[in-house]
Asker: 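Before we start, here is the structure in question, set down as structure tokens.
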2 protein chains.
Amino acid sequence: MRNKPDTRSKLLDAAARLFYAHGISATGIDAVIAEAGVAKMSLYNNFESKAGLVQAYLEARHQQWLDLYRARLGEEPGGHDGVMAVVGAYLDHAEAGYEHGFRGCGLLNAAAELEASDPGRKIVAAHKEEVEQFLQGHLGKLTSPDTARDLAERISYLLEGAISRAGLEGDSRRLRRAGDMISSMVRAL
Amino acid sequence: MRNKPDTRSKLLDAAARLFYAHGISATGIDAVIAEAGVAKMSLYNNFESKAGLVQAYLEARHQQWLDLYRARLGEEPGGHDGVMAVVGAYLDHAEAGYEHGFRGCGLLNAAAELEASDPGRKIVAAHKEEVEQFLQGHLGKLTSPDTARDLAERISYLLEGAISRAGLEGDSRRLRRAGDMISSMVRAL
DNA sequence: GTCCAATTAGACCGATCCGTCTACCAACTG
DNA sequence: CAGTTGGTAGACGGATCGGTCTAATTGGAC
């Protein structure tokens with residue numbers, strides 16, 4: 001195996017930057033390899049096609065969110081803290097300092113330019129479903145299963161709506177306001 | 001002036017179908033004119049460029065939403081009915097029977113593939129802001145201005161989040177559930 | 001030192017991109 | 001009638017698209 005700089009990672013990082021900033025279809029293969037500083041054949045050695053690179057991008061983005069979430073999540077968090085760890089992961093993503101500006105949730109943006117039948121949409125749908133499950137788990141410590149389920153759904157909508165509107169405006173303020181709403185909803189349980 | 005079939009409308013309708021179903025960058029000019037059944041020069045007689053066509057698409061989509069909303073809005077609606085007219089417009093869009101499937105809010109999807117600096121994003125941001133203002137106006141009939149403002153913001157997030165998740169799943173169920181949440185929130189005022 | 005697998009730069013492919021241009025045509029206006 | 005307007009069909013251009021290929025080079029593993 002070759003040593004560290006890791007061609008595949010360079011490609012994935014470059015693709016992530018460009019896909020997020022300019023969109024997926026607007027980003028050509030040549031732009032990705034130039035940004036990665038890598039030969040074109042290296043892309044096709046590591047990924048089956050552009051679609052394969054997109055798939056890997058979606059999965060990496062999902063994993064990144066999980067990492068942010070786990071970093072926010074202490075051990076044995078209470079219900080309120082657990083919910084706020086989810087909110088915190090959204091805030092971290094929004095405030096990550098993108099070169100070309102914050103443009104909302106990368107996974108939602110990607111899904112928005114994929115055909116209805118594209119398997120990438122399922123990845124994004126599953127990711128959002130998993131986030132809702134995390135919320136439901138935390139809320140279950142504070143209230144009945146039925147209430148936890150309903151509230152998790154409601155909080156999911158608040159978060160996704162807030163990050164969409166925040167993306168349109170280019171900053172995280174609306175996400176912070178949604179976080180405040182969510183915090184007080186959970187505290188009121 | 002030429003008579004009815006109206007070349008410009010044919011182009012705008014064709015562009016709307018293709019842009020919504022396949023995304024904007026993935027839709028070429030040649031596909032648009034083929035779908036419209038129109039010569040290429042007719043596109044450039046009616047629009048400055050593809051970007052101009054996109055701009056017109058965004059404005060038309062905004063106008064369509066306003067039409068759906070006004071159709072739902074009786075005269076002198078009460079606060080609850082007014083809010084539910086907004087919700088109804090979202091539902092109408094979701095259930096409009098797209099050839100290639102429901103894929104969420106066309107304006108959010110479009111914004112998702114526009115650069116942060118693209119003027120089209122401002123159109124979408126302003127549209128969402130206007131929707132929130134409508135909500136605030138209706139809620140103002142039922143409660144204090146401060147509460148109306150806060151609740152309008154919250155309902156906006158619920159709606160945008162619900163339509164995003166509904167789009168990922170390809171049907172309007174999540175939007176209906178959000179509508180139920182919103183209805184009971186407003187009734188509780 | 002020899003081998004091997006990964007990487008390199010870049011030529012090359014056919015297809016498609018957005019946009020321009022020409023030449024012709026149909027319908028309405030005066 | 002002549003003139004104007006907006007449409008048609010399609011060739012054309014240069015750029016870029018995703019993807020393949022070759023030939024030379026690299027850096028361990030043995």
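Each chain gets a letter, A, B and so on, in the order its sequence line appears, and its residues count up from 1.
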Asker: Excluding sequence neighbours, so at least two apart, what forms ring-ring contact (aromatic ring centres under 6.0 Å, His included) with A:H93?
Answerer: none

Asker: Roughly, in whole Å, what's the span from NZ in A:K10 to P in C:dA6?
Answerer: 15 Å

Asker: Partners of B:H127 by ring-ring contact (aromatic ring centres under 6.0 Å, His included), sequence neighbours excluded?
Answerer: B:H62, B:W65

Asker: Can you check the B:N46 CG to D:dG6 C1' distance for me, whole Å?
Answerer: 9 Å

Asker: Whole Å only: how far is the CG atom of A:D6 from the C1' atom of D:dG27?
Answerer: 15 Å

Asker: Check side chain to side chain contact (heavy atoms under 4.5 Å, CB included) between A:L142 and all other residues, then give those that pass, not counting sequence neighbours.
Answerer: A:V186, A:L189

Asker: Whether B:E160 and A:R165 form a salt bridge (side-chain N of Lys/Arg under 4.0 Å from carboxylate O of Asp/Glu) is what I want to check.
Answerer: no

Asker: Counting just side-chain N and O atoms, does A:S42 come under 4.0 Å of either OP1 or OP2 of C:dT8?
Answerer: yes

Asker: Return the set of residues passing side chain to side chain contact (heavy atoms under 4.5 Å, CB included) with A:S49 (not counting sequence neighbours), or none when no residue passes.
Answerer: A:A51

Asker: With sequence neighbours left out, what residues match B:E113 under side chain to side chain donor-acceptor pair (under 3.5 Å)?
Answerer: B:S25

Asker: For the pair made of CZ in A:R8 and P in C:dT7, what is the distance, rounded to whole Å?
Answerer: 11 Å

Asker: Rounded to whole angstrom units, what separation is found between the CG atom of A:N45 and the P atom of D:dT22?
Answerer: 14 Å

Asker: Treating primed atoms plus P, OP1 and OP2 as sugar-phosphate and everything else as base, which nucleotides of nucleotides 17-23 of chain C get B, S or - for protein heavy atoms under 4.0 Å?
Answerer: SSBBBB-

